[in-house]
Structure formats: C-alpha cells, structure tokens
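What follows is one structure encoded as structure tokens, with my remarks underneath.
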There are 2 protein chains.
Amino acid sequence: MGRWEPDARGRMIRAAVELFGERGFEQTTAGHIAERAGVTERTFFRHFTDKREVLFDSTGAMDRVTREAIEAAPADLPPLSAALVGVVAGGDLLADRHEHAARRSRIIEVNPGLRERELLKLAGMVTATADALRARGVAEPAASLAAHSAVAVFQVAFAHWVSAEDPPALADCIEAAAAVLRALE
Amino acid sequence: MGRWEPDARGRMIRAAVELFGERGFEQTTAGHIAERAGVTERTFFRHFTDKREVLFDSTGAMDRVTREAIEAAPADLPPLSAALVGVVAGGDLLADRHEHAARRSRIIEVNPGLRERELLKLAGMVTATADALRARGVAEPAASLAAHSAVAVFQVAFAHWVSAEDPPALADCIEAAAAVLRALE
DNA sequence: AGTGTCGATGTCAGTCACTGTCATCCTCGG
DNA sequence: CCGAGGATGACAGTGACTGACATCGACACT
C-alpha cells in the first residue's frame, strides 16, 4: 500500500465533511478537499467518481448487508417482512453513529445535488432489496413493490431518527413506521 | 414575447430529445442543442437550470395535477386510495403519449445522471402527494408513507407500461400494481 | 545489492457545464 | 416618437472532471 501517508481515502472523507460543514458544499472545491487531505485534486477524483460521492462512501456496505440479511431471513417470512428485516440490518450500520449521521444529513438536506445523489443511493437499496426478494422466489411486481415499501419505511424512519434530539433506537423507528404502513388503507 | 422565432423553449426541448437520441446524452453538448434550436448556449441555460432539466419540463404540471386530484377526491377516501387517485391523474398526462414516453425513458435509462434527476422528480411527486394528504387531515408519518407507496406503485406501473410492446392503459397498470401492493404482507 | 514490476500519486493540458455582466434589440404602452 | 421592460447575444471566467504521461517507492525475484 502506502509509501505516502496511509488512509488517503479516509483523510479525504474527513476533510470533505469538515469543509462542507464549515463553508458549505458549493463553496468547497475539490481542490480544497484535496489540499486539506494532503493530496492532489487528481487523486481525489481517482478515489471518488465525483465531488458528491465522497459523502456516500458506505452505501455499498449497506446494500450488501441488506441483501445478506434478506437471504438469511426465515424462508416462510412474507415479502414485506423479509424486506424490512433487510433494511433494519442495513440501518444497524448507522445505529450507533447518530451524531455523525445527523451532521451528514444536515449537509445533504440543504443541497439539491446531494439530495439527488442520496436518492440514487436509496434507489440502489431498492434494487438490492428487490433482487434479494426475487432470489427467495418472490415474483414481480411484488418484489419491487415490497422493496420500495421497505425503503420508504426506512427513509421515513431515518428522517425521524436523525432529527430527534434524544436519539431513540433506529430499529424502533423503523418498526413504528412499518406498523403505520401496514395500517394504511 | 418574442421578436425572434417563437417557442424557443419548445425548439430546444425537441432539439435536445433528437440529439440525445442520435448521439447520446453525454456526447451532446449544451452548445449543440442551442445551435440546432437556433439560439445561444447562454439562452439554453436561461431556460433550463441544467442540461438534464430539458428532459423534465413537464414534471411541474404532473405535480400540480396530482395535488389537485387528491384535493378533489372524496373526503372519506382512505389515505392510500386518495394518493393513488392522485398519481392516476398525474399519469393521465402521459397516457396518450406512449411513444414519446418510451423514447424518453430509453434515453434516461442508460444515463446515471438522468436517472438521478428522474428520482428527484419522483421525490417531488412524493412531496406533492404527502402535502395534499396532510391538507385532508392525514397525519404523519401516514401521509408520507402513503405518498411513498403511491409513487412506488406509479413507478412500477410506469416502467411496465413503457416497456410493453402493445401499450395497455397506464391507469390499468397502476390499478394492477396497487392491487399487488395491497396484497403484500 | 541489483533489477524489474506494479500500484498509487503528481503534473499538465484540455473539455465542458454553468454563471455574471453588459450591450443590444424588439415590443408595447404612452 | 419615445421610454421601459423582457429576452437575447457576446464574452470572459470558474470549477468539475478526464486523459496522457512521468515518477516514486514497496515488494519480489535473483
């Protein structure tokens, strides 16, 4: 690996979060981030496909965990329940970092471009969930609809969790939202 | 309005769809579109906030129609049903333009940036729907969840409708998807 | 030690999306 | 005939992102 300072990627992520918090996303250039991280702008773009992506580095892991949890769920669990098991497992990756999640959400919230990217990541979660459901034999369009519903539950629960002063358990937020969804007519 | 050729906006939209179809989105510069439309690049950006936006000019109208349909729906209709009335009404704006919708979708489908923008527009539809539901007295998080569900139904139904060789009625696709959603466990 | 491969980085030049600014030009009302 | 206003053209500038090429240092192999 490194003959230079190690963990260049991590340094860039931290630098970016700091700078976005200090001066805002748009006022921060890729060069600023690179400079604070002690690398070149070119290196920044070798690690992240775009300037936004630096805030979404862990979404791949969430997709994977979600998928695996659904695969591991009891075979007789109905589609929506299985999908919810998945998003709960994915949410667990954030559960103990409420502070960090809140700071990050505050940055994303105020920037349309970043919200757009977040939606793309959520769409990726929908795809992962639907794939995993199909792998258990759930047919279309039930798989996609269950996946969309579960991720919607996640979104609503996450938004509530993040904005809460006294952080409840994310899993509880998800369960509560799921209960409301099931009660819908 | 115009002392120059009228309908500059419409010309740019048509030019853009043509060029995106001919050479692809990324290979088409804003200058190309402007040139074919007989205007300046600067003028293009006066009409559209971004290069992508030229493909999403009618989404504002869909949001409005969706909102109005929900307002006009019977007061005793439960949240999800009311939301579905909304997206059906919104879908009606596209119902008789299957060919155009299909061509547009083909362009969007293959470009991550355009899919991202589409997701933002769908998120706008969720917001419009949730707002309209709250205006009828539906509380949170039920309003958001019903809105998300209805738009998910719309997405799934629209995707099926667009990819169908022999175009069925979009409203029927939506109803069918809604039935599957309600049968979920 | 000597050497060569290889992955990660630096350097540089270039394209294109997008913006601010200012002059210009119809179109309409007076 | 004249002035205000809206839309456009012309132009310069910033910043995101990319491609090509040189470099450096760890590691393996000899």
For [X], give me all partners under ring-ring contact (aromatic ring centres under 6.0 Å, His included), at least two apart in sequence or on another chain.
X	value
A:F48	A:F44
B:H98	B:W161
A:F56	none

A:E41 CD - D:dG15 C1' separation (whole Å):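 Taking atom C1' of D:dG15 as the reference, CD of A:E41 is at 8 Å.
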
Protein-nucleotide distance (B:R52, atom CZ; D:dA16, atom P), rounded to Å: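 One finds 15 Å between P of D:dA16 and CZ of B:R52, rounded.
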
Partner set under salt bridge (charged side-chain N to carboxylate O under 4.0 Å, His left out) for A:R11, not counting sequence neighbours: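 Partners of A:R11 under the salt bridge (charged side-chain N to carboxylate O under 4.0 Å, His left out) test: none.
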
Members of residues 17-36 of chain B that approach DNA chain D, where some heavy atom sits under 4.0 Å away: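 Heavy-atom cutoff 4.0 Å gives no residues at all.
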
Sub-4.0 Å heavy-atom contacts from residues 104-124 of chain A onto DNA chain D, ordered by number: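 None, since no heavy atom is under 4.0 Å.
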
Residues which pass side-chain hydrogen bond (donor to acceptor under 3.5 Å, both in side chains) with [X], listed by chain and number, not counting sequence neighbours:
X	answer
A:D57	A:R9
B:S81	B:R182
B:R104	none
A:S144	A:E140

Pairs under 3.5 Å (N/O, protein and nucleotides 10-14 of chain D):
none

End-to-end axis angle, where each axis spans five pairs of the helix from C:dA1-D:dT30 to C:dG30-D:dC1, to 10°: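 Comparing the axis at each end, I get an angle of 10°.
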
